[in-house]
Amino acid sequence: MTKNLKDSFNAPGSGRRPGAAAPGRQGTSASGGTDSQADGGTRKGATKSGVPGGTSRTGTGTGTGTGGAPPAPAALAAKVRTLAPSMTRSMQRVAEAVAGDPAGCAALTVTGLAELTGTSEATVVRTARLLGYPGYRDLRLALAGLAAQQLSGRAPAVTADIAVDDPIADVVAKLAYDEQQTLADTAASLDTVQLGAAVTALAGARRIDIYGVGASGLVAQDLAQKLLRIGLVAHAHSDPHLAVTNAVQLRSRDAAVAISHSGSTGDIIEPLRVAFDHGATTVAITGRPDGPVSQYADHVLTTSTARETDLRPAAMSSRTSQLLVVDCLFIGVMQRTYESAAPALAASYEALAHRHSPRTR
């Protein structure tokens with residue numbers, strides 16, 4: 001991240017539009033402090049209930065924190081995998097305990113779980129709230145529900161890491177399971193309200209810029225080509241200089257999408273900030289809803305954070321979940337613009353048909 005970009009995060013008035021609540025950061029932060037403490041004071045004006053004075057252009061949120069309905073029991077494990085990297089070590093111990101043994105933890109009081117994990121009662125309560133539950137009692141009810149689901153006869157999971165000497169058949173089975181788990185976790189934790197708002201923004205945009213580098217750059221290209229085939233003006237940018245120079249041209253009728261698994265890639269944050277400052281509606285697809293990229297996103301779509309191993313780097317797991325979100329966006333936009341999108345898609349198929357069959361001479 002460049003020095004200027006770093007400075008922009010600390011500058012007075014930087015970050016979200018005036019009055020906009022920070023996505024997925026309502027209430028207590030992962031470290032137990034307030035939003036302003038966790039973010040170095042950049043998210044001014046955000047409260048648990050929303051916006052004190054003034055109005056924001058859009059509602060933001062990712063389904064974490066204390067706002068909104070608590071996640072369903074089936075989504076608990078996905079929440080833990082997604083949010084654990086941003087937790088303190090003591091909170092991680094609590095999260096790992098409840099995800100690893102929901103039945104056992106459901107039987108414990110808040111004091112009992114604190115003793116089991118070597119933490120404090122306050123840490124247990126903060127962890128419950130970060131996972132989306134108003135309090136520990138609500139978390140216990142979710143744990144009991146999850147335990148009941150696990151006793152319903154579901155087949156045991158393939159959880160072993162891929163080893164260097166694994167037979168290729170085992171590699172296929174383990175990768176298939178990991179991919180399925182990543183997709184299930186992403187679907188369980190995806191905020192459909194935010195998704196719907198992002199679809200509305202893209203469907204009505206005059207122009208759409210999409211930013212991504214590395215593996216995320218491939219996903220950005222995938223989204224751009226999908227949108228182009230249904231008649232929308234969309235361009236993917238992996239070159240940071242071109243991304244910024246294009247972002248400068250965006251206005252209120254435009255949209256910008258940033259794809260960053262870490263949520264902290266400077267080459268992605270900078271063009272999104274520029275687009276944000278010029279009035280475009282901004283969307284972030286990220287595995288870290290509390291990352292810097294969310295500062296400049298009107299809508300945040302959270303992807304699953306799968307467990308990284310030596311033989312399965314983050315680029316693989318993140319790409320799988322990002323592609324699911326991209327497909328959801330595309331189908332949503334296709335539905336909203338069907339009258340114009342269907343003929344455009346048919347025309348693109350017809351234009352390319354001769355490339356998929358032998359030419360006659």
Side-chain angles (χ1 to χ4, degrees), residues 16-17 20-21 23-24 55-63 68 186-187 189-212 216-237 243 246-260 268 271-286 289 293-294 296-303 321-352:
R16 300 207 51 75
R17 296 185 189 353
T55 58
S56 62
R57 208 170 55 179
T58 56
T60 59
T62 58
T186 299
S189 61
L190 189 59
D191 188 328
T192 53
V193 173
Q194 289 292 295
L195 178 62
V199 165
T200 299
L202 298 190
R206 177 184 67 94
R207 165 182 158 186
I208 302 166
D209 276 10
I210 308 165
Y211 315 125
S216 296
L218 300 176
V219 179
Q221 291 178 31
D222 181 72
L223 177 57
Q225 69 91 12
K226 281 183 166 70
L227 296 176
L228 282 169
R229 292 192 70 175
I230 59 173
L232 299 184
V233 179
H235 300 286
H237 301 287
N246 276 271
V248 169
Q249 307 303 323
L250 298 181
R251 296 296 182 265
S252 59
R253 292 180 55 204
D254 303 320
V257 180
I259 305 176
S260 171
I268 300 305
L272 191 71
R273 175 183 62 80
V274 172
F276 181 92
D277 289 344
H278 282 76
T281 301
T282 52
V283 179
I285 300 174
T286 179
V293 73
S294 297
Y296 303 106
D298 291 306
H299 311 295
V300 179
L301 305 178
T302 306
T303 56
S321 53
Q322 289 169 354
L323 286 171
L324 173 61
V325 174
V326 160
D327 284 350
C328 291
L329 277 173
F330 171 70
I331 293 298
V333 172
M334 180 80 173
Q335 290 174 322
R336 299 285 180 92
T337 62
Y338 188 76
E339 289 188 4
S340 59
L345 187 61
S348 69
Y349 274 124
E350 184 177 350
L352 296 173

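These numbers come from a predicted model, not from an experiment. Side chains are part of it too, since the values below use all heavy atoms of this structure and drop only hydrogens, waters and symmetry mates. By convention here, the first residue in the shown sequence is residue 1.
Taking the side chain as every heavy atom from C-beta outward, Val257 and Asp209 never approach each other to under 4.5 Å. Under the 4.5 Å side-chain criterion, counting only non-hydrogen atoms from C-beta, Leu190 is not in contact with Leu324. Inter-residue side-chain proximity for Arg207 and Asn246 is flagged as met; some heavy-atom pair is nearer than 4.5 Å. Under the 4.5 Å side-chain criterion, counting only non-hydrogen atoms from C-beta, Asp191 is not in contact with Thr302.
In terms of the salt bridge (Lys or Arg N to Asp or Glu O under 4.0 Å) criterion, residue partners of Arg206 (sequence neighbours excluded) are, by chain and number, Asp254. Under the rule for a side chain to side chain contact (heavy atoms under 4.5 Å, CB included), the partners of Leu345 that lie at least two apart in sequence or sit in another chain are Arg229, Ile230, Met334, Ser348, Tyr349. Here Ala243 pairs with Tyr211, His237, Pro271 under the side chain to side chain contact (heavy atoms under 4.5 Å, CB included) rule; sequence neighbours left out. Not counting sequence neighbours, the partners of Ser260 by the side chain to side chain contact (heavy atoms under 4.5 Å, CB included) test are Ser262, Thr265, Ile268. Qualifying side chain to side chain contact (heavy atoms under 4.5 Å, CB included) partners for Val248, counting only residues two or more places apart in sequence or in other chains: Val274, His278.
Side-chain atoms of Ser252 never come within 3.5 Å of backbone atoms of Gly279 as a donor-acceptor pair (strictly under, hydrogens ignored). Here the side chain of Gln194 pairs a donor or acceptor atom with the backbone of Val300 at under 3.5 angstrom. Thr282 places a side-chain N or O within 3.5 Å of a backbone atom of Tyr296 that can act as its donor or acceptor partner.
With values rounded to the nearest 0.5 angstrom, Ile208 atom CD1 is found 5.0 Å from Leu227 atom CG. In this structure, the separation between CD on Gln221 and CG on Leu228 is 11.5 Å, given to the nearest 0.5 Å. From Leu272, atom CG reaches atom CD1 of Ile210 across 12.5 Å, with rounding to the nearest 0.5 Å. In this structure, Ile259 CD1 and Ile285 CD1 are separated by 4.5 Å, a value rounded to the nearest 0.5 Å. Taken to the nearest 0.5 Å, the CD atom of Gln322 stands 11.0 Å off from the CG atom of Leu223.
Residue-environment remark: CZ (Arg253) stays at or below the threshold of 12 foreign heavy atoms within 6.0 Å.
In this structure, Pro289 and Ser294 approach most closely via the heavy-atom pair O-OG, 2.9 Å. Considering all non-hydrogen atoms of both residues, Ala344 and Gly231 come closest at CB-N, 3.8 Å. Between Asp298 and Thr281, the closest heavy-atom pair is OD2-CA, 3.4 Å. Pairing each heavy atom of His235 with each of Val233, the nearest pair is NE2-CG1, 3.8 Å. Considering all non-hydrogen atoms of both residues, Val283 and Ala297 come closest at C-CB, 4.4 Å. Considering all non-hydrogen atoms of both residues, Ala256 and Ala275 come closest at CB-CB, 3.7 Å.
Among pairs with a residue in residues 323-342, those fulfilling salt bridge (Lys or Arg N to Asp or Glu O under 4.0 Å) read Lys226-Asp327, at least two apart in sequence or across chains.
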